[in-house]
Amino acid sequence: MEAYPVMLNLHGKKALIVGGGKIAYRKAIGLLKAGAEITMISPDIYSEFHILLEKGQIRWKQKEFEESDLRDALIVIAATNKKSINREIAQLASDHQLINVVDDSRISNFHVPAKITRGKLTIAVGTEGASPILAKNIRDELAGVYDESYRDYLHFLEDARKLVYSKEKNTLMRTQLLTEIAERDYQNAGNQRKFFERMKSNNEGKEV
């Protein structure tokens, strides 16, 4: 079966990470960026975690994993250095929980893709666990094409879309305008400015 790609809004959602090593740290950083509320379960943690603890960004329970730790978590990351514990976590997780086992994609029900983020633009590359290294290689190739300039371009597209919907009532014309600004020419700040001026001018003409 094919994996079903989806973008999750995890803001304020409870996330559980079992394990305290470098892999667990990378997972925690990704979840923090998504606004999740993270609880760590591990007797020991990677040194970088202490910075997150000092800032109050994560909660740490310094102990071994217990089944009760799964309660209320929407997303669960099994990232210990023991396969048997990771498998146990996957087996105990509810059918309604999202579980990622870092060392066994076969018993995970979701995978974390390699991704590029440029403001509101996210490009994800996944191989369903077959080859994370290939996913990262493809991501790095795409990163050279979709550089940091896309961050500002997405801001323009968002503002322009709102303007088009507020000023243009004709559905066909709206589609044409939105298709137009998705062209590469509009990555140029000058063309963006001209578009806003044109929309303002057109609107004033309609009001006359």
Side-chain angles (χ1 to χ4, degrees), residues 1-19 21-41 65 67 69-151 153-154 157-158 161 171 174-175 178-179 181-184 187:
M1 294 183 292
E2 292 184 358
Y4 182 70
V6 63
M7 303 290 282
L8 291 175
N9 180 355
L10 294 179
H11 182 73
K13 303 300 183 183
K14 296 185 183 301
L16 177 72
I17 300 178
V18 185
K22 291 183 179 180
I23 294 176
Y25 178 76
R26 291 202 301 271
K27 300 291 187 181
I29 293 298
L31 288 169
L32 279 175
K33 289 180 179 178
E37 296 182 1
I38 302 172
T39 297
M40 302 281 309
I41 305 293
F65 167 76
E67 183 176 0
D69 294 320
L70 291 166
R71 190 182 302 121
D72 298 329
L74 169 64
I75 189 166
V76 179
I77 307 291
T80 76
N81 58 5
K82 296 181 179 179
K83 282 183 174 290
S84 59
I85 295 178
N86 291 343
R87 181 173 292 276
E88 178 187 4
I89 295 167
Q91 292 171 342
L92 292 173
S94 163
D95 289 338
H96 302 293
Q97 290 178 308
L98 297 172
I99 173 77
N100 175 249
V101 180
V102 299
D103 58 1
D104 195 341
S105 62
R106 296 169 301 175
I107 56 175
S108 304
N109 61 19
F110 82 96
H111 308 98
V112 181
K115 70 172 185 175
I116 306 163
T117 303
R118 303 288 189 247
K120 290 182 177 293
L121 174 66
T122 298
I123 301 173
V125 182
T127 61
E128 296 187 36
S131 178
I133 292 176
L134 175 61
K136 290 176 182 177
N137 289 345
I138 294 173
R139 176 202 62 191
D140 292 344
E141 290 177 14
L142 291 171
V145 177
Y146 299 94
D147 58 23
E148 288 295 336
S149 68
Y150 277 82
R151 187 181 301 272
Y153 180 40
L154 262 290
L157 289 175
E158 182 178 35
R161 185 173 186 272
T171 302
R174 278 206 306 256
T175 301
L178 294 175
T179 301
I181 60 176
E183 296 294 332
R184 289 185 179 271
Q187 292 178 39

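The structure presented is a predicted model; accordingly, all values stated were derived computationally and were not measured.
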Discussion item. My understanding is that only one of Ile75, Val76, Leu10 makes a side chain to side chain contact (heavy atoms under 4.5 Å, CB included) with Leu98; could you say which?
Written reply: Ile75

Quick one, [X] and [Y] - any side-chain contact, counting heavy atoms below 4.5 Å?
{"X": "Lys115", "Y": "Val125", "result": "no"}
{"X": "Ile89", "Y": "Asp69", "result": "no"}
{"X": "Ile99", "Y": "Val101", "result": "yes"}
{"X": "Lys14", "Y": "Thr39", "result": "no"}
{"X": "Tyr25", "Y": "Ile17", "result": "no"}
{"X": "Leu121", "Y": "Arg151", "result": "no"}
{"X": "Gln91", "Y": "Arg87", "result": "yes"}

Practice prompt. Determine the minimum heavy-atom distance between Thr127 and Pro132, stating which atoms define it.
Written response: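 Heavy-atom minimum between the residues: OG1-N, 3.9 Å.
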
Item to complete: Kindly give the heavy-atom pair with the smallest separation between Ala24 and Gly19, and that separation in Å.
Response: CB-O, 3.4 Å

For [Y], is there any backbone N or O sitting under 3.5 Å from a side-chain donor or acceptor partner on [X]?
{"X": "Arg118", "Y": "Tyr146", "answer": "yes"}
{"X": "Thr117", "Y": "Gly119", "answer": "no"}
{"X": "Ser131", "Y": "Leu134", "answer": "yes"}
{"X": "Lys83", "Y": "Asp103", "answer": "yes"}
{"X": "Gln187", "Y": "Tyr150", "answer": "no"}

Worksheet item: For Gln97 and Leu70, what are the C-alpha separation, side-chain angles and deciding distance, and is it a side chain to side chain contact (heavy atoms under 4.5 Å, CB included)?
Response: CA-CA 9 Å; Gln97 290 178 308; Leu70 291 166; 4.2 Å; yes

Can you measure from [atom1] ([X]) to [atom2] ([Y]) and round to the nearest 0.5 angstrom?
{"X": "Arg139", "Y": "Asn137", "atom1": "CZ", "atom2": "CG", "answer": "9.0 Å"}
{"X": "Ile123", "Y": "Leu142", "atom1": "CD1", "atom2": "CG", "answer": "5.5 Å"}
{"X": "Tyr153", "Y": "Glu158", "atom1": "OH", "atom2": "CD", "answer": "13.5 Å"}
{"X": "Ile41", "Y": "Ile77", "atom1": "CD1", "atom2": "CD1", "answer": "13.5 Å"}
{"X": "Asn86", "Y": "Ser108", "atom1": "CG", "atom2": "OG", "answer": "9.0 Å"}

Worksheet, complete the sentence: Residue set satisfying salt bridge (Lys or Arg N to Asp or Glu O under 4.0 Å) with Arg106, at least two apart, ordered chain then number -> Asp104

Worksheet entry | Intermediate values then yes/no, side chain to side chain contact (heavy atoms under 4.5 Å, CB included), Val145 and Glu141 | CA-CA 7 Å; Val145 177; Glu141 290 177 14; over 6 Å; no

Fill in: Short N-O contact, Glu37 and Lys13, less than 4.0 angstrom
no

Worksheet item: Do other residues, nucleotides or ligands put more than 12 heavy atoms under 6.0 Å from the CZ atom of Arg174?
Response: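 Result for CZ/Arg174: enclosed.
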
